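Because the structure is a prediction, the values reported are computed rather than measured. Positions are given from 1 along the sequence.
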Amino acid sequence: MKKLIFLFALFTGFVSFAQGPLHIYNYSSYDLSGRLYANSPSNCLPEVFTIYSVPAGQMVDIKSFNTSNLSNPPVNTWGVRTSPAGGTTSVSPPSGLLVTVGNFARWNFYWFKTRYAGTSTPTPDPDFNMGSNLCGISSVDYVHGVVTQAKWYYEPSTNETTLIVEDI
């Protein structure tokens with residue numbers, strides 16, 4: 001009976017801290033390009049990150065690191081760091097390591113720049129460092145730029161993170 005209670009508590013812990021989905025709704029007429037980052041809210045490690053672009057008008061749902069290759073546009077490679085002194089490991093989904101770190105990580109920020117659609121030319125918008133301010137990384141949940149505005153929010157009851165970007 002004690003083993004059953006222990007296993008239930010362990011399972012509940014994994015479920016309650018498991019990675020939730022990330023929704024990026026780019027309602028703007030501009031492309032987004034930047035660094036997408038997640039980490040453990042309790043001790044900052046593991047860190048999981050990638051460079052990610054979202055085309056103008058695109059809505060993206062990344063359900064997990066391990067299935068991010070099925071998102072549109074896909075994430076085919078993640079950088080993973082599991083110790084303060086350790087280097088970064090490049091991991092492609094699906095991977096057991098991505099499943100494991102997904103049990104401890106939460107979406108922290110998407111630091112992006114808006115670009116004119118289909119080009120690499122930046123707009124007059126500032127850099128958008130949208131996020132949850134975990135682990136001392138300075139980010140904000142709302143930015144009113146020159147041509148777009150963005151809102152980031154985390155819903156603890158569903159463990160979902162949403163970023164909405166729209167034209168001004």
Side-chain angles (χ1 to χ4, degrees), residues 17-28 30-82 86-120 122-123 125-143 145 148-156 158-166:
F17 293 108
Q19 176 191 13
L22 172 66
H23 312 288
I24 301 175
Y25 301 134
N26 184 8
Y27 297 125
S28 80
Y30 304 94
D31 295 345
L32 315 178
S33 182
R35 186 174 193 177
L36 184 58
Y37 183 91
N39 63 329
S40 169
S42 60
N43 68 0
C44 304
L45 291 170
E47 295 175 325
V48 184
F49 51 89
T50 193
I51 300 300
Y52 193 60
S53 295
V54 180
Q58 182 102 17
M59 293 181 282
V60 179
D61 289 315
I62 300 175
K63 302 214 183 302
S64 72
F65 306 129
N66 202 48
T67 61
S68 62
N69 59 321
L70 304 175
S71 300
N72 184 21
V75 178
N76 293 314
T77 305
W78 291 97
V80 178
R81 192 166 73 102
T82 57
T88 300
T89 303
S90 181
V91 182
S92 297
S95 162
L97 179 59
L98 292 175
V99 171
T100 301
V101 297
N103 286 322
F104 302 101
R106 190 177 115 195
W107 298 107
N108 188 347
F109 69 81
Y110 184 31
W111 192 330
F112 65 91
K113 182 78 177 155
T114 55
R115 303 190 184 283
Y116 291 101
T119 75
S120 60
T123 70
D125 271 344
D127 283 4
F128 287 77
N129 187 7
M130 307 302 298
S132 299
N133 273 327
L134 299 174
C135 298
I137 297 171
S138 180
S139 53
V140 296
D141 63 1
Y142 177 77
V143 172
T148 62
Q149 60 185 351
K151 174 71 176 151
W152 172 283
Y153 61 94
Y154 171 69
E155 177 53 54
T158 59
N159 199 25
E160 295 183 53
T161 303
T162 303
L163 172 66
I164 298 172
V165 181
E166 58 190 7

Atom of [X], atom of [Y] and distance for their closest heavy-atom approach:
X      : Y      : value
Pro93  : Ser68  : CG-OG, 3.6 Å
Tyr116 : Thr119 : O-OG1, 2.8 Å
Thr82  : Val101 : CG2-CG1, 4.5 Å
Val91  : Leu97  : CG2-CD2, 3.6 Å
Thr88  : Gly79  : CG2-CA, 3.7 Å

pair [X]-[Y]: side-chain heavy atoms closer than 4.5 Å:
X      : Y      : value
Ser132 : Ser139 : no
Gln58  : Asn72  : yes
Thr114 : Leu32  : yes
Leu36  : Ile62  : yes
Val143 : Met130 : yes
Ser42  : Phe104 : no
Asp61  : Pro21  : no

_Show every salt bridge (Lys or Arg N to Asp or Glu O under 4.0 Å) that has at least one partner inside residues 38-56, sequence neighbours left out._
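The answer is Glu47-Arg81.
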Angle class for the [X]/[Y] ring planes (parallel below 30°, perpendicular above 60°, tilted otherwise)?
X     : Y     : answer
Tyr37 : Phe49 : parallel
Tyr25 : His23 : parallel
Trp78 : Phe65 : perpendicular

*Going through the checks in order, is the side-chain hydrogen bond (donor to acceptor under 3.5 Å, both in side chains) test met by Asn159 and Tyr154?*
CA-CA 7 Å; Asn159 199 25; Tyr154 171 69; 2.7 Å; yes
*Donor-acceptor contact present, side-chain Lys113 to main-chain Asp125, <3.5 Å*: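 Yes; at least one donor-acceptor contact below 3.5 Å.
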*Under 3.5 Å side-chain donor-acceptor pair for Thr161 and Trp152*: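 Note: Thr161 and Trp152 side chains miss the donor-acceptor criterion.
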*Donor-acceptor side-chain pairing of Ser64 and Thr67 below 3.5 angstrom*: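 Distance-only check passes for Ser64 and Thr67.
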_Partner set under side chain to side chain contact (heavy atoms under 4.5 Å, CB included) for Ser92, not counting sequence neighbours_ =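 Result, side chain to side chain contact (heavy atoms under 4.5 Å, CB included) vs Ser92: Thr77.
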